[in-house]
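Residue numbers start from 1 in every chain, and the chains themselves are labelled A, B, ... in the order their sequence lines are given, proteins ahead of strands. Basis for what follows: all heavy atoms, side chains included, without hydrogens, waters or symmetry-related copies.
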Number of protein chains: 2
Amino acid sequence: MRYSIGQVAKKLGLTTHTIRYYDKEGLLPFVRKGSSGARVFEEDDVDWLIIVECLKGTGMPLKEIRTYIQLCQQGDTTLQKRLEMFKKQKEEIEKQMRILKQYMEKIDFKIAYYGDAVEHGTDDIYIRNKWLAKERERLFGHK
Amino acid sequence: MRYSIGQVAKKLGLTTHTIRYYDKEGLLPFVRKGSSGARVFEEDDVDWLIIVECLKGTGMPLKEIRTYIQLCQQGDTTLQKRLEMFKKQKEEIEKQMRILKQYMEKIDFKIAYYGDAVEHGTDDIYIRNKWLAKERERLFGHK
DNA sequence: TATGCACTTAGAGCCTACTCTAAGGTTTTC
DNA sequence: GAAAACCTTAGAGTAGGCTCTAAGTGCATA
């Protein structure tokens with residue numbers, strides 16, 4: 001199956017502008033062009049774009065993604081490096097998950113706080129002190 | 001306990017430039033200034049900056065964070081709105097966690113793939129086909 | 001008293017990642 | 001054959017979030 005840039009854009013939720021921008025930045029060196037000059041995406045190219053999205057979505061800058069492609073193009077001697085790169089990225093995701101969990105705790109606390117405040121129609125000093133005490137408990141252990 | 005901008009920056013892993021930038025953008029309207037004009041951060045102000053980091057870190061633009069501050073300054077009538085805002089942000093975090101998990105699956109797959117390739121010293125067409133079959137299995141169910 | 005460090009402001013500059021425009025080519029459909 | 005719906009390029013513009021510089025103030029220690 002082959003796709004035009006517009007079809008790929010729709011499939012992945014990107015704009016054609018963005019995909020061309022990626023190409024210009026050297027992120028799509030495998031994509032061939034048809035007789036009229038239009039890009040022709042093979043299944044493999046779409047898979048590759050999905051990996052690009054995955055790396056980008058976990059915080060890797062486009063420059064570094066390009067470095068990975070260059071490793072791919074250098075053949076089997078860079079296999080180990082590529083493996084290391086993905087292992088590093090896995091750690092990156094784990095770190096992000098840990099951070100998100102910490103943020104979630106804070107947000108949950110705020111939700112509980114505002115839930116109480118809404119119920120009382122105010123978050124004046126008495127309500128605030130009550131919740132400050134709860135936060136101290138949470139941070140320093142119970143009692 | 002009171003802190004200077006430099007102490008807060010160190011404590012939160014930001015630069016003084018960034019903190020002043022946040023102030024300029026209206027994100028720190030509570031921070032007072034001492035007789036010499038230097039910002040004086042109370043414990044509360046530090047807590048507030050931590051919430052700013054939390055909202056920013058879960059994808060809220062600085063502009064929207066400022067909107068939240070403005071709600072805070074408008075008093076008890078905006079409590080419900082503030083509660084909604086945090087609930088929305090909780091959903092945002094949940095969404096991000098789901099996306100991260102999906103990315104993790106892809107990365108794990110790549111790690112397994114490159115592990116195999118490194119072991120064989122190559123990722124030629126035979127190795128690739130073997131892994132393509134595994135991916136099909138993974139995507140479309142077993143067998 | 002002078003050296004050094006932390007603070008101040010205003011404002012310019014920078015980086016990433018788009019995002020869009022202009023001007024034009026090709027393909028398909030009526 | 002002409003209009004619609006694609007595609008192309010080069011290059012300018014934008015948004016968000018810093019990041020840094022210049023020029024200066026104030027406090028503290030040798």
Base, sugar-phosphate, or nothing: which does Thr15(A) touch, judged by heavy atoms less than 4.0 Å apart? nothing
What nucleotide among [options] has an atom nearest to a side-chain atom of [X]?
| X | options | answer |
| --- | --- | --- |
| Ile5(A) | dT8(D), dA17(C), dC7(C) | dT8(D) |
| Arg20(A) | dT9(D), dT8(C), dG17(D) | dT9(D) |
| Ser36(A) | dT26(C), dT19(D), dC6(D) | dT26(C) |
| Ser35(A) | dG17(D), dC7(C), dT27(C) | dT27(C) |
| His17(B) | dT21(D), dC7(C), dC7(D) | dT21(D) |

To the nearest angstrom, how far is [X] atom [atom1] from [N] atom [atom2]?
| X | N | atom1 | atom2 | result |
| --- | --- | --- | --- | --- |
| Glu53(A) | dC18(C) | CD | P | 8 Å |
| Arg39(B) | dG26(D) | CZ | P | 16 Å |
| Tyr21(B) | dG16(D) | OH | P | 9 Å |
| Lys63(B) | dA15(D) | NZ | P | 8 Å |
| Asp23(A) | dC18(C) | CG | P | 14 Å |
| Glu64(B) | dG16(D) | CD | P | 11 Å |
| Ile19(A) | dT19(C) | CD1 | P | 13 Å |
| Gln7(A) | dA5(D) | CD | C1' | 13 Å |

Think [X] has a side-chain N or O under 4.0 angstrom from the OP1 or OP2 of [N]?
| X | N | answer |
| --- | --- | --- |
| Lys33(A) | dG25(C) | no |
| Tyr22(B) | dC18(D) | yes |
| Lys24(B) | dT19(D) | no |

Taking the side chain from [X] and the backbone from [Y], do they hold a donor-acceptor pair closer than 3.5 Å?
| X | Y | answer |
| --- | --- | --- |
| Thr78(A) | Lys81(A) | no |
| Asp116(A) | Tyr113(A) | no |
| Glu25(B) | Lys63(B) | no |
| Asp76(A) | Asp123(B) | yes |

Taking the ring centre of each residue, are Tyr68(A) and Phe86(A) less than 6.0 Å apart? yes
